[in-house]
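Just so it is clear, the values below take in all heavy atoms, side chains as well, and ignore hydrogens, waters and symmetry mates. Along the sequence shown, the residues carry numbers beginning at 1. All values reported here derive from a predicted model rather than from experimental measurement.
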Amino acid sequence: MTSFAPDSIVLNRKLPLWYQVSQSLRASILGRSPQDPLRLPTEEQLAGHYGVSVLTMRQALKELEDEGLISRHRRRGTFIEQDAQRGSPVRLLGSVDAIVAQQSGMTTELLDHGKAPLSGELSEYFPDLTEVATYHRLRGDERTGEPTNHARNYVRPDLAERIDRQDLIRWPMTKVLRDVVGVAISRITDTVEARLADPETARLLHVPLLSPILHYTGVTYDEDGRVLDVAVIHYRGDRFSFTVTLDANG
């Protein structure tokens, strides 16, 4: 039986290996194609793929099993749960793959794209530019079709020229920039605030006007400290929560 092939990852030895592996595998699972097999490779095969011990791999798989993304059956193997709930809290621990995983696993509609002149806060992120490429997407629950968040990305035009819009329907912008465009991402700065739904957000997410939402801003930097992408995402407050874990040894 053919097994699901997860993406690769470059591990950061300063962060817990099981955590990085679980988030990378989670992102692969949530970003899979419908035709991909549901069976995962064995623990030993996965450990070899990620370059970690079987014990570390087992801990990563337990994390995904506790979340309900996979099920493990003695003698039969480990399988992706096709109907797993994707709206669970995500723990952010300094890993880009955690960001990818948090943004994955939903139906995505590209509402519009184009170019916009820089103004206000955006000009502070892109001081060398006069305009940026923009993408506006609406994401929804895979099972119910219920809208859960809408996102606007503001991207450097030179990078946008290398982005296939179809990739943005399948994957988050972070994954497209890193794995498709090939940009070396050094860090992402996240800000999450509680806000009230404006008319556009209320209409797109099917929530009452002025109801609570989570307003997320993610700024992606390259190795030279240059901003590559600014993501502004509005999440339904009744569907998402964020937990940030700080590594005392980092």
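- Side-chain atoms of L61 and L25, non-hydrogen and from C-beta on, do get closer than 4.5 Å to each other.
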Practice problem: List the steps and the verdict of side chain to side chain contact (heavy atoms under 4.5 Å, CB included) for L11 and V21. | Solution: CA-CA 8 Å; L11 295 173; V21 170; 4.2 Å; yes
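- Aromatic ring orientation, H234 versus H215: perpendicular (interplanar angle above 60°, classes split at 30° and 60°).
- Heavy-atom contacts from other residues, nucleotides or ligands closer than 6.0 Å to CD of E193 number more than 12.
- Side-chain contact between L177 and I163: present, with at least one pair of heavy atoms (C-beta onward) separated by less than 4.5 Å.
- The two residues P147 and R236 have their closest heavy-atom pair at O-CD, 3.2 Å.
- When hydrophobic clusters are built by joining Ile, Leu, Val, Met, Phe, Trp and Tyr residues whose side-chain heavy atoms come closer than 4.5 Å, directly or via intermediates, Y125 is not grouped with I233.
- Ion pairing between R156 and D128 holds under the 4.0 Å rule for side-chain N and carboxylate O.
- D224 places no side-chain N or O within 3.5 Å of a backbone atom of R226 that could act as its donor or acceptor partner.
- Atom-to-atom distance recorded for R137:CZ and L168:CG is 5.0 Å, nearest 0.5 angstrom.
- A single hydrophobic cluster is not seen to contain both M173 and F126; linkage of ILVMFWY side chains at heavy-atom distances under 4.5 Å, directly or through other members, places them apart.
- Note that the CZ atom of R72 and the CD atom of E65 stand 5.5 Å from one another [nearest 0.5 Å].
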Exercise. Check step by step if side chain to side chain contact (heavy atoms under 4.5 Å, CB included) holds for D164 and V180.
Key: CA-CA 9 Å; D164 186 330; V180 179; over 6 Å; no
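- In terms of the side chain to side chain donor-acceptor pair (under 3.5 Å) criterion, residue partners of Q45 (sequence neighbours excluded) are, by chain and number, T42.
- L129 and L118 get closest at one heavy-atom pair: O-CD1, 3.0 Å.
- For residues 34-71, no residue pair satisfies the ring-ring contact (aromatic ring centres under 6.0 Å, His included) rule, not counting sequence neighbours.
- Between S22 and K62 the shortest side-chain heavy-atom distance does not fall below 4.5 Å.
- The two residues K115 and T134 come nearest to each other via the heavy atoms N-OG1, 4.2 Å.
- The minimum heavy-atom distance between R39 and G77, with the atom names listed, is NH2-CA, 4.3 Å.
- Hydrophobic clustering (side-chain heavy atoms under 4.5 Å, transitive across Ile, Leu, Val, Met, Phe, Trp, Tyr) keeps L138 apart from Y235.
- P117 places none of its side-chain heavy atoms less than 4.5 Å from the side chain of T130.
- Nearest heavy atoms, H206 versus R203: CD2-O, 3.2 Å.
- Hydrophobic clustering (ILVMFWY, side-chain heavy atoms < 4.5 Å, transitive): V155 and V230 are in distinct clusters.
- Note that the CZ atom of R58 and the CD atom of E43 stand 4.5 Å from one another [nearest 0.5 Å].
- Nearest heavy atom pair, residue P208 against residue A197, reads O-CB, 4.0 Å.
- By the rule that hydrophobic residues join a cluster once side-chain heavy atoms approach within less than 4.5 Å of another member, L69 and M57 end up as members of one cluster.
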Quiz prompt | Stepwise side chain to side chain contact (heavy atoms under 4.5 Å, CB included) check, L204 with N149 | solution = CA-CA 8 Å; L204 289 173; N149 69 87; over 6 Å; no
Exercise. For the pair V52 and Q20, evaluate side chain to side chain contact (heavy atoms under 4.5 Å, CB included) and give the outcome as yes or no after the intermediate values.
Key: CA-CA 11 Å; V52 298; Q20 296 178 73; over 6 Å; no
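- Once rounded to the nearest 0.5 Å, the distance linking CG of L40 with CZ of F79 reads 8.5 Å.
- Among residues two or more places apart in sequence or in another chain, the side chain to side chain donor-acceptor pair (under 3.5 Å) test is passed with E161 by none.
- Aromatic ring orientation, Y135 versus H113: parallel (interplanar angle below 30°, classes split at 30° and 60°).
- Expressed to the nearest 0.5 Å, how far CZ of R162 lies from CG of D167 amounts to 13.0 Å.
- Here the CG atom belonging to D36 is positioned 11.5 Å from the OG atom belonging to S3, to the nearest 0.5 angstrom.
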